[in-house]
Amino acid sequence: MPGVTPESQEALLPVPHLKAFVDELQGERRLSAYTARNYIQAINGFFKWLKEAEGRAIAPENVTRMQARSFVIESQRGLDRRTVHLHVSALRAFWKFLLRRHHVVSSPWVGLALPKLAKKLPLYLTEEQMRTLLAVPAQLAENQKVDSEDDGGKKAKAFVLSRDMVMLEVLYGAGLRVSELVNLTWGQLDLEGGMARVRGKGDKERICPLGEIAVAALRTHRVIAPSTDHKARVLTTTKGEPLYSRWVQLRLKTFLKLAGLPLDLSPHKLRHSFATHLLNRGADLRAVQEMLGHARLSTTQIYTHVGIARLQEAHRKAHPRE
């Protein structure tokens with residue numbers, strides 16, 4: 001099974017039809033290995049809980065609505081509500097698959113009441129904080145603190161500086177997901193037009209404007225990149241080896257620490273910042289939706305709530321009747 005670890009394959013064996021379900025997720029629906037792993041963990045977690053609760057293994061076709069409801073109630077003792085929703089979402093998807101394949105005649109998860117979610121506004125950096133963060137790579141180079149990944153030579157340091165600037169500028173300039181960034185190849189870029197063809201969730205392609213500063217950073221990096229072949233990744237080590245999402249997360253934490261910013265800010269928060277700053281400066285909501293690759297406008301609308309919350313706070317502080 002591509003993209004799923006041997007441990008995950010072993011874990012899914014006891015649950016009937018789970019392997020076929022995950023194969024479909026990764027094959028026909030082209031969901032990532034990360035999403036497939038989460039589905040496996042959620043579904044196996046339910047059947048493990050069910051076996052312990054009933055004292056025996058229960059096949060999917062014999063799961064009752066009462067058992068599903070009890071699982072939701074019990075799960076809330078150890079998991080936050082959002083995680084419970086994600087687990088039930090995975091279970092609903094699994095039962096839809098079983099229904100399509102005629103392995104079951106009904107789903108115990110349809111219409112099941114779930115705990116209400118608190119509406120949380122996305123965390124983001126202010127424009128001033130973003131400017132501080134984006135200046136860190138150059139400051140590191142000036143202070144001779146850039147780790148070169150090899151002999152510490154000037155060429156290697158220049159490469160690391162250039163690559164780190166690309167990482168931050170493209171994340172923020174184009175609002176990419178971290179998975180989209182690490183998989184970005186030189187062939188997906190149109191630096192003359194200032195655009196990138198990005199493959200997002202569900203293998204859907206979209207066009208993302210990069211912005212002048214991000215394009216300038218990419219032009220500089222292209223000169224010293226180990227390879228600019230059509231299929232070569234933009235983010236690599238000095239030897240041309242690919243880098244992954246975890247590397248971006250750890251690298252960002254280094255920059256956040258040096259910038260004096262909260263260390264719990266993830267690469268995805270730069271995407272939040274991208275959307276929030278565009279909307280605060282008058283960008284069209286549907287245009288931002290297209291740039292982010294959101295399937296639903298309602299997903300993008302949460303960023304308008306950030307702007308409203310900011311206005312309400314300003315009103316509260318300044319209005320004489322508050």
Side-chain angles (χ1 to χ4, degrees), residues 32-35 37-38 41-42 45 75-87 89-90 115-140 143 145-147 160 163-184 200-201 214 235 243-280 288 291-294 299-314:
S32 68
Y34 177 80
T35 302
R37 184 198 69 185
N38 289 345
Q41 290 177 345
S75 294
Q76 293 177 62
R77 296 180 179 178
L79 300 174
D80 62 61
R81 293 184 176 188
R82 190 166 298 278
T83 303
V84 173
H85 274 253
L86 291 172
H87 284 199
S89 177
K116 290 185 178 180
L117 292 175
K119 291 184 178 180
K120 294 172 62 177
L121 295 177
L123 294 175
Y124 68 99
L125 293 170
T126 65
E127 292 186 29
E128 183 58 37
Q129 287 174 324
M130 274 306 314
R131 282 191 286 270
T132 300
L133 178 63
L134 294 170
V136 169
Q139 292 171 357
L140 278 173
N143 296 333
K145 293 180 182 177
V146 176
D147 55 324
V160 171
R163 182 199 59 199
D164 289 348
M165 292 184 72
V166 164
M167 180 193 86
L168 292 177
E169 293 292 354
V170 174
L171 269 178
Y172 176 59
L176 300 189
R177 298 178 179 94
V178 66
S179 59
E180 296 167 349
L181 174 69
V182 296
N183 289 310
L184 191 67
K201 288 186 176 180
L235 290 188
L243 296 169
Y244 298 96
S245 297
R246 183 60 178 162
W247 176 86
V248 176
Q249 293 164 357
L250 294 174
R251 194 69 174 158
L252 178 60
K253 286 191 182 298
T254 297
F255 296 150
L256 288 168
K257 184 176 181 180
L258 291 167
L261 295 170
L263 298 183
D264 60 348
L265 291 168
S266 66
H268 206 72
K269 301 303 183 293
L270 271 64
R271 181 170 156 90
H272 292 332
S273 304
F274 162 85
T276 302
H277 297 168
L278 282 178
L279 290 168
N280 283 349
V288 176
M291 285 184 271
L292 291 172
H294 286 163
T299 308
T300 314
Q301 283 175 327
I302 190 170
Y303 298 108
T304 65
H305 299 160
V306 172
I308 292 169
R310 179 178 56 81
L311 291 174
Q312 288 175 329
E313 178 63 14

*Taking every non-hydrogen atom, the tightest pair across Pro115 and Gln76*: CB-OE1, 3.5 Å

*Would Met130 and Leu270 satisfy side-chain contact (heavy atoms from CB on, under 4.5 Å), going step by step from the backbone distance to the final call?*
CA-CA 8 Å; Met130 274 306 314; Leu270 271 64; 4.3 Å; yes

*Kindly give the heavy-atom pair with the smallest separation between Leu278 and Met291, and that separation in Å.*
CD1-CE, 3.9 Å

Pair up each side-chain donor or acceptor in residues 254-267 with any protein partner under 3.5 Å, not counting sequence neighbours, and list the distances.
from: Thr254; atom 1: OG1; to: Leu250; atom 2: O; distance (Å): 3.4
from: Ser266; atom 1: OG; to: His268; atom 2: N; distance (Å): 3.4
from: Ser266; atom 1: OG; to: Lys269; atom 2: NZ; distance (Å): 3.3

_Check: Val248 and Leu171 side chains under 4.5 Å, non-hydrogen atoms_ = yes

*Grab the two heavy atoms, one from Phe274 and one from Gly173, that are nearest each other, plus how far apart they are.*
CE1-O, 3.5 Å

*Report the C-alpha distance between Trp247 and Val182 in whole Å, list the side-chain angles of each, state the deciding distance to 0.1 Å, and finish with yes or no for side-chain contact (heavy atoms from CB on, under 4.5 Å).*
CA-CA 9 Å; Trp247 176 86; Val182 296; 5.8 Å; no

*Heavy-atom closest contact (His277 atom, Tyr172 atom, distance)*: ND1-OH, 2.7 Å

_Arg163 and Leu235: CA distance, side-chain angles, deciding distance, side-chain contact (heavy atoms from CB on, under 4.5 Å) verdict_ = CA-CA 7 Å; Arg163 182 199 59 199; Leu235 290 188; 3.6 Å; yes

*For His87, what residues pass the ring pair (Phe, Tyr, Trp, His ring centres under 6.0 Å) criterion, not counting sequence neighbours?*
none

*Got a second to check how far Glu127's CD is from Thr276's OG1, nearest 0.5 Å?*
10.0 Å

*Report the distance from atom OG1 of Thr132 to atom CD of Gln139, rounding to the nearest 0.5 Å.*
8.0 Å

*Go through Val160 and Arg251 one step at a time and tell me if the side-chain contact (heavy atoms from CB on, under 4.5 Å) criterion holds.*
CA-CA 11 Å; Val160 171; Arg251 194 69 174 158; 3.4 Å; yes

*Could you grab the distance from atom CZ of Arg81 to atom NZ of Lys116, nearest 0.5 Å is fine?*
9.5 Å

*CG/Asn183 to OH/Tyr244 distance, rounded to the nearest 0.5 angstrom?*
9.0 Å

*Pairwise side-chain contact, Leu133 with Leu125, heavy-atom cut-off 4.5 Å (strictly under)*: yes

*asked:* Rounded at 0.5 Å granularity, tell me how far CG in Leu134 sits from CE in Met167.
replied: 9.5 Å

*Residues in side-chain hydrogen bond (donor to acceptor under 3.5 Å, both in side chains) with Ser245, at least two apart?*
none

